[in-house]
Amino acid sequence: MASNVNPTVRRRRLGQELRRLREQKGMTAEEVAERLLVSQSKISRLENGRRSISQRDVRDLCGVYEVEDQRMVDSLMEMAKDSRQQGWWHAFGDVPYSVYIGLETDAASLRVYDPQVIPGLLQTRPYAEALITGALPETPPGDIDNRVQVRLRRQERITAVENPLRLWTVLDEAALRRVVGSRLLMREQLESLVEQSQLPHVTVQVIPFEMGAHPGLNGQYAILEFPDAADSSVVYIEGVTSDLYLEKAQDVQKYSVMYEHLRAQALNVEQSRQFIADLAKEYAR
């Protein structure tokens, strides 16, 4: 049973429930922190699922919120226990974006816009190796290999026979023309991209240079949606030293609308596939 537990999702669901109990009690995070003699930032991190929650934390918070239903307390305590387990990605060492991987592992659909590179879920091994090596020049070879292995493991969500991840990606032409590794490597990557785009649950669109300015010029982002209605959608923005997770409904809505504009300005699916195939031939010359 433990092996099927996603600790990231458990933390997130538990945090949402704790926030609901606090708001139901009419208390602010600052007031709770003062009662428990902890920092307000700790309460915030517990509620947004970015920090592991101990059973003691749950017990103390339930005490502050005067939760009388022992079954609810026991359920929250069990969620706290599950949330401290390790996901499959921990076997590969310290993965800096482990929170994102946990969310992606449980997501039902993912919408990605990338202006610079092919998204990780659609990368070939040689492309991933060359990309990570170039992006992180001071990283030891062993760590690079771990990152590649994690990326390939993540791709199992795409190749899964049952309940594969529904992926929609919009790429800027720059991501296709940036030569990562070598021209031969790029040809193989683009040929692979064409093949993957034919999967029924994978959609790939391209925004060519000639489209000019468009809503994605501010940079890469991803929108994750989950099968459980209790789990709100998340916008993920990758950073150099830290990542940003947006969960407020108005933020998710703004990025979703922006994504619809990107899809509308991009080439349609067939045009995009032909565009990528033609560019792959150019790399063969």
Side-chain angles (χ1 to χ4, degrees), residues 1-107 221-226 228-252 254-255:
M1 177 178 176
S3 61
N4 295 323
V5 170
N6 185 325
T8 303
V9 174
R10 283 289 192 275
R11 285 200 304 269
R12 189 163 176 254
R13 290 176 182 171
L14 178 54
Q16 290 172 342
E17 186 61 23
L18 292 173
R19 182 186 297 114
R20 185 189 68 80
L21 290 173
R22 174 176 61 77
E23 293 175 344
Q24 190 177 65
K25 189 65 176 175
M27 299 180 70
T28 65
E30 184 176 9
E31 289 172 335
V32 176
E34 186 175 345
R35 284 279 300 274
L36 295 178
L37 300 179
V38 298
S39 67
Q40 180 181 342
S41 62
K42 176 179 178 177
I43 301 301
S44 297
R45 290 196 299 272
L46 292 179
E47 290 186 352
N48 64 27
R50 303 292 176 261
R51 178 188 176 119
S52 295
I53 306 179
S54 69
Q55 291 181 303
R56 179 176 180 177
D57 289 332
V58 170
R59 183 199 64 192
D60 292 345
L61 288 168
C62 285
V64 171
Y65 303 147
E66 299 179 335
V67 180
E68 298 180 352
D69 187 341
Q70 188 57 44
R71 288 176 300 178
M72 174 177 286
V73 176
D74 291 342
S75 177
L76 295 177
M77 294 277 279
E78 187 65 25
M79 290 178 69
K81 180 180 177 181
D82 289 342
S83 73
R84 298 180 72 83
Q85 295 182 20
Q86 292 190 331
W88 62 260
W89 50 92
H90 288 97
F92 295 91
D94 183 20
V95 181
Y97 54 102
S98 59
V99 172
Y100 172 78
I101 296 176
L103 294 174
E104 183 186 83
T105 299
D106 203 59
Y221 69 94
I223 305 172
L224 302 103
E225 297 174 316
F226 303 89
D228 193 323
D231 295 323
S232 58
S233 299
V234 178
V235 174
Y236 170 71
I237 303 173
E238 185 177 359
V240 177
T241 58
S242 62
D243 300 329
L244 182 62
Y245 298 87
L246 305 176
E247 301 182 53
K248 292 182 179 179
Q250 59 267 35
D251 292 333
V252 175
K254 287 181 180 179
Y255 276 89

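Rounding to the nearest 0.5 angstrom, the gap separating the NZ atom in K42 from the CD atom in E47 is 12.5 Å. Going from atom CG of D57 over to atom CG of L18 covers 9.0 Å, rounded to the nearest 0.5 Å. A distance of 7.0 Å separates CD of Q40 from OG1 of T28, quoted to the nearest 0.5 Å. The distance from the CD atom of E30 to the OG atom of S41 is 11.5 Å, given to the nearest 0.5 Å.
Between the side chain of D106 and the main chain of L103, no donor-acceptor pair closer than 3.5 Å is present.
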Cut-off 3.5 Å, no hydrogens considered: what does the side-chain donor-acceptor table look like for residues 60-68, sequence neighbours left out?
{"from": "E66", "atom 1": "OE1", "to": "K25", "atom 2": "NZ", "distance (Å)": "2.4"}

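Applying the side chain to side chain contact (heavy atoms under 4.5 Å, CB included) criterion to Q55, with sequence neighbours excluded, gives M77, A80, K81. For L244, the side chain to side chain contact (heavy atoms under 4.5 Å, CB included) test picks out I237, L246, with sequence neighbours left out. When the side-chain hydrogen bond (donor to acceptor under 3.5 Å, both in side chains) test is applied to Q70, the partners found at least two apart in sequence or on another chain are D74. Remark: S75 pairs with no residue by the side-chain hydrogen bond (donor to acceptor under 3.5 Å, both in side chains) rule, at least two apart or across chains. With sequence neighbours excluded, no residue forms a side-chain hydrogen bond (donor to acceptor under 3.5 Å, both in side chains) with Q16. With sequence neighbours left out, the salt bridge (charged side-chain N to carboxylate O under 4.0 Å, His left out) criterion links R20 to E17. The side-chain hydrogen bond (donor to acceptor under 3.5 Å, both in side chains) test applied to E34 returns no partner, not counting sequence neighbours. When the ring pair (Phe, Tyr, Trp, His ring centres under 6.0 Å) test is applied to Y236, the partners found at least two apart in sequence or on another chain are Y100, Y245. Under the salt bridge (charged side-chain N to carboxylate O under 4.0 Å, His left out) criterion, E31 pairs with no residue at all, not counting sequence neighbours.
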Could you go through V252 and E247, starting from their C-alpha distance and side-chain angles, then the distance that decides it, and tell me whether this counts as side-chain contact (heavy atoms from CB on, under 4.5 Å)? CA-CA 6 Å; V252 175; E247 301 182 53; 5.6 Å; no

Decide yes or no on side-chain contact (heavy atoms from CB on, under 4.5 Å) for I43 and V38, but give the supporting numbers first. CA-CA 8 Å; I43 301 301; V38 298; 4.0 Å; yes

Going through the distances and angles, do L21 and L76 end up as a side-chain contact (heavy atoms from CB on, under 4.5 Å)? CA-CA 11 Å; L21 290 173; L76 295 177; 3.9 Å; yes

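Applying side-chain contact (heavy atoms from CB on, under 4.5 Å) to L46 and the options I53, L14, V58 leaves one that passes, I53.
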